[in-house]
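Reminder, nothing fancy here: chain letters follow the sequence lines and each chain counts from 1. Both backbone and side-chain heavy atoms feed into the values below; hydrogens, waters and symmetry mates do not. Remember, it's a predicted structure, so these values are computed and weren't measured experimentally.
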Protein chains: 2
Amino acid sequence: MAENSHHHGDLRNALIDSALALLTEGGRESLTLRRAAARAGVSHAAPAHHFDGLEGLLHAVAARGFQVFSDLMRQERAARPADAQNQLLGITNGYLRFAAEHEALFNLIFSEPMKNSGDADLIAASNEAFQILSETCALFEPDPAGPFVNEIRVWSTVHGYAILRQFDRLRATPDSAVVPVDLVLPRLVPRQRD
Amino acid sequence: MAENSHHHGDLRNALIDSALALLTEGGRESLTLRRAAARAGVSHAAPAHHFDGLEGLLHAVAARGFQVFSDLMRQERAARPADAQNQLLGITNGYLRFAAEHEALFNLIFSEPMKNSGDADLIAASNEAFQILSETCALFEPDPAGPFVNEIRVWSTVHGYAILRQFDRLRATPDSAVVPVDLVLPRLVPRQRD
DNA sequence: CGCAAATCTTGACACCGTCAAGTTTTCTGT
DNA sequence: ACAGAAAACTTGACGGTGTCAAGATTTGCG
C-alpha cells in the first residue's frame, strides 16, 4: 500500500488533471510545473519522471485537450439531423463551443510549442479531431478543384471565426449584433444519394 | 550631451527594436525584459520607466507588429491591378506573407495578452490593419445578409488558412501539394461600376 | 541658479525550470 | 524468499525571470 511520500500511484494523470485545472482557472501563464506538482501533492521535481520538462507536460495537456475537442464536436453532431448541412453545423458548433468554453485549452492546442511536437499521443489526438471534421465534409460533393478543398475551406473559416470572436471582431460596431457562423461558412452542395 | 550611463535618448524605441530582434531570432520565449534591456545597453530595471512591465512591452511590440502587417498588405495590394478580385488577392497575400515571414510577430499580435489590452497605440494599429481589409472588401457587392459579412468571411478564412499552414494542415497527405488560398477564399461578386 | 522631475542603476525578493544526489518503494530474477 | 536493480519521489542547489525599493545622475523649468 502506498501510504507515505513515495509512489503516488498514477501521478502522470494526476499532474495532467492539476495542469488542466490551473489552465482553466488562470490561463496559460498560471500553469507552472511547480504549481501542478504542488496541487498534485508532490514535490517540485516529481514531474520530471513523467514528462520531458514543462513542454512535455504541455504536450500531454494538449493531447487531453484534443480529446475534449473531439468529444464536443461528436456530441454536437450527434444531436442533429443526419443531413449534411445539419451535421456540418453540429461540427462547427462543437468547434466554437470548445473555443468558447475551454478558451485557454483551445489557445494552448493551437499554440507555438505544439507545432512539430513529435509527441505521439498529441499527434494522434490531433489527427482524430481533424478526421471528425473531414468525415463530415465527405457528406458534401467534393470541390471541383480537389478532394481536400472542402475540409480546408470549412476548417479555415471556422477557426478564423473562433479567433476573431475572441478578439470581439465579429461585429461592425460595439452595439451591433455578432455575425453568426452560418452566414460565414462556405456553401457546399450535399452529395447526391442515388 | 548624454555621455554617460543615465539618459539614453530614445530608450523606449530602442527597447522595442531590441524586443523585435529577440522575437525574430528566437521566438516569443526568448523575448525577455532583461534581455531586451541588455541588448539596448541598459540595466535590467530600466524598461520599467517606459513600459508597464513585460506586458506593456509586448503591447508596444504588437503595435509595431500591426504596422508591419498593414504595410505588407498595402504593399501587396498596390502591386496589383485595380480590379476588386486582384486587390483582394493582394490583401490576402500580404496577410499570408506577414504570417510566414514574421511568424513570431504574427503569433504575438493574435495572442492571449493582446485581448482587451486597453493600450491605445495597439488598438489604433490593430484597427488600421483591419480597415485595410475592410476597405478592400468594399469593392465587392455587400452580402445580402448584411454589410459586414464579406469582411468577416474573408478575414476568418485567410486567418484560419494562415494558422492551418503553420501546422502544415493544408495538404491531404505529406507528399501532396498545398491547397492554394485562391481555392479557399469565398467567391464574392465585384461591385457594379455604373 | 536651484530644485523638482525624469531617467537610469544597484540590489533584493520570490518564483520559475532544471539538474544532481539521496532516499524510499516496487519490480525482477533466481 | 530475498537480494539487487530499477523506478518513483524528495531535497537542495543553480541560473534566469519579473518586479519592487532606494539611490545616483541628468534634464528641464521656474
Side-chain angles (χ1 to χ4, degrees), chain A residues 1-23 25-62 104 108 111-114 117-119, chain B residues 1-23 25-62 104 108 111-114 117-119:
Chain A
M1 195 48 123
E3 180 57 43
N4 229 333
S5 43
H6 297 75
H7 278 85
H8 166 106
D10 189 13
L11 181 54
R12 191 187 143 90
N13 281 314
L15 285 170
I16 298 179
D17 290 341
S18 302
L20 265 168
L22 288 168
L23 199 62
E25 293 168 7
R28 163 66 186 88
E29 69 177 11
S30 79
L31 166 49
T32 261
L33 262 184
R34 292 174 105 104
R35 282 220 264 253
R39 183 182 277 246
V42 109
S43 86
H44 66 265
H49 296 268
H50 298 276
F51 304 100
D52 186 13
L54 172 62
E55 195 168 85
L57 175 59
L58 293 180
H59 287 163
V61 172
L108 175 69
S111 70
E112 187 66 36
M114 302 303 136
S117 71
D119 184 299
Chain B
M1 197 47 129
E3 179 58 43
N4 227 336
S5 45
H6 296 76
H7 278 87
H8 166 106
D10 189 11
L11 181 55
R12 190 188 144 89
N13 282 314
L15 285 170
I16 297 178
D17 291 340
S18 303
L20 265 167
L22 289 168
L23 199 62
E25 293 168 8
R28 163 67 187 87
E29 71 178 9
S30 79
L31 166 50
T32 259
L33 261 184
R34 290 173 106 106
R35 281 222 264 254
R39 184 182 277 247
V42 108
S43 86
H44 67 265
H49 296 268
H50 298 276
F51 304 100
D52 186 13
L54 172 62
E55 195 168 85
L57 175 58
L58 292 179
H59 287 161
V61 172
L108 175 68
S111 70
E112 187 66 37
M114 302 303 136
S117 72
D119 184 300

Rounded to the nearest angstrom, tell me the gap between atom [atom1] in [X] and atom [atom2] in [N].
X        : N       : atom1 : atom2 : value
Asp10(A) : dT25(C) : CG    : C1'   : 17 Å
Asp52(B) : dC20(D) : CG    : C1'   : 13 Å
Leu54(A) : dG16(D) : CG    : P     : 18 Å
Glu29(B) : dC16(C) : CD    : C1'   : 14 Å
Leu58(B) : dG18(D) : CG    : C1'   : 12 Å
Leu33(B) : dC8(C)  : CG    : C1'   : 15 Å
Phe51(B) : dG18(D) : CZ    : P     : 13 Å
Leu22(B) : dT17(D) : CG    : C1'   : 14 Å

Margin query: Once hydrogens and angles are ignored, does a donor-acceptor distance under 3.5 Å link the base of dG12(D) to the side chain of His44(A)?
Written below: yes
Checklist line | Leu11(A) vs Leu31(B), nearer the 5' end of DNA chain D by closest nucleotide | finding: Leu11(A)
Taking OP1 and OP2 of [N], is either one under 4.0 Å from a side-chain nitrogen or oxygen of [X]?
X        : N       : result
Thr32(A) : dG17(C) : yes
Arg34(A) : dG17(C) : no
Arg12(A) : dA8(D)  : no

Reported [atom1]-to-[atom2] distance for the pair [X] and [Y], which is rounded to 0.5 angstrom:
X        : Y         : atom1 : atom2 : answer
Leu58(A) : Asp119(A) : CG    : CG    : 11.0 Å
His59(A) : Leu54(A)  : NE2   : CG    : 9.5 Å
Ile16(B) : His50(B)  : CD1   : NE2   : 10.5 Å

[X] has a side chain; which of [options] sits nearest to it?
X        : options                  : value
Ala46(A) : dG17(C), dC9(D), dT9(C)  : dC9(D)
His50(A) : dG11(C), dA8(D), dC16(C) : dA8(D)
His49(B) : dG18(D), dT10(C), dT7(C) : dT7(C)
Ala45(B) : dT18(C), dC9(D), dA21(D) : dA21(D)

Margin query: One thing to verify: whether Glu25(A) and Arg39(A) come together as a salt bridge, which I'm taking to mean a side-chain N less than 4.0 angstrom from a carboxylate O.
Written below: yes
Notebook entry, point to check: For Leu11(A) and Ala46(A), which heavy atoms make the closest approach, and how far apart are they?
Noted result: CD2-CB, 4.0 Å
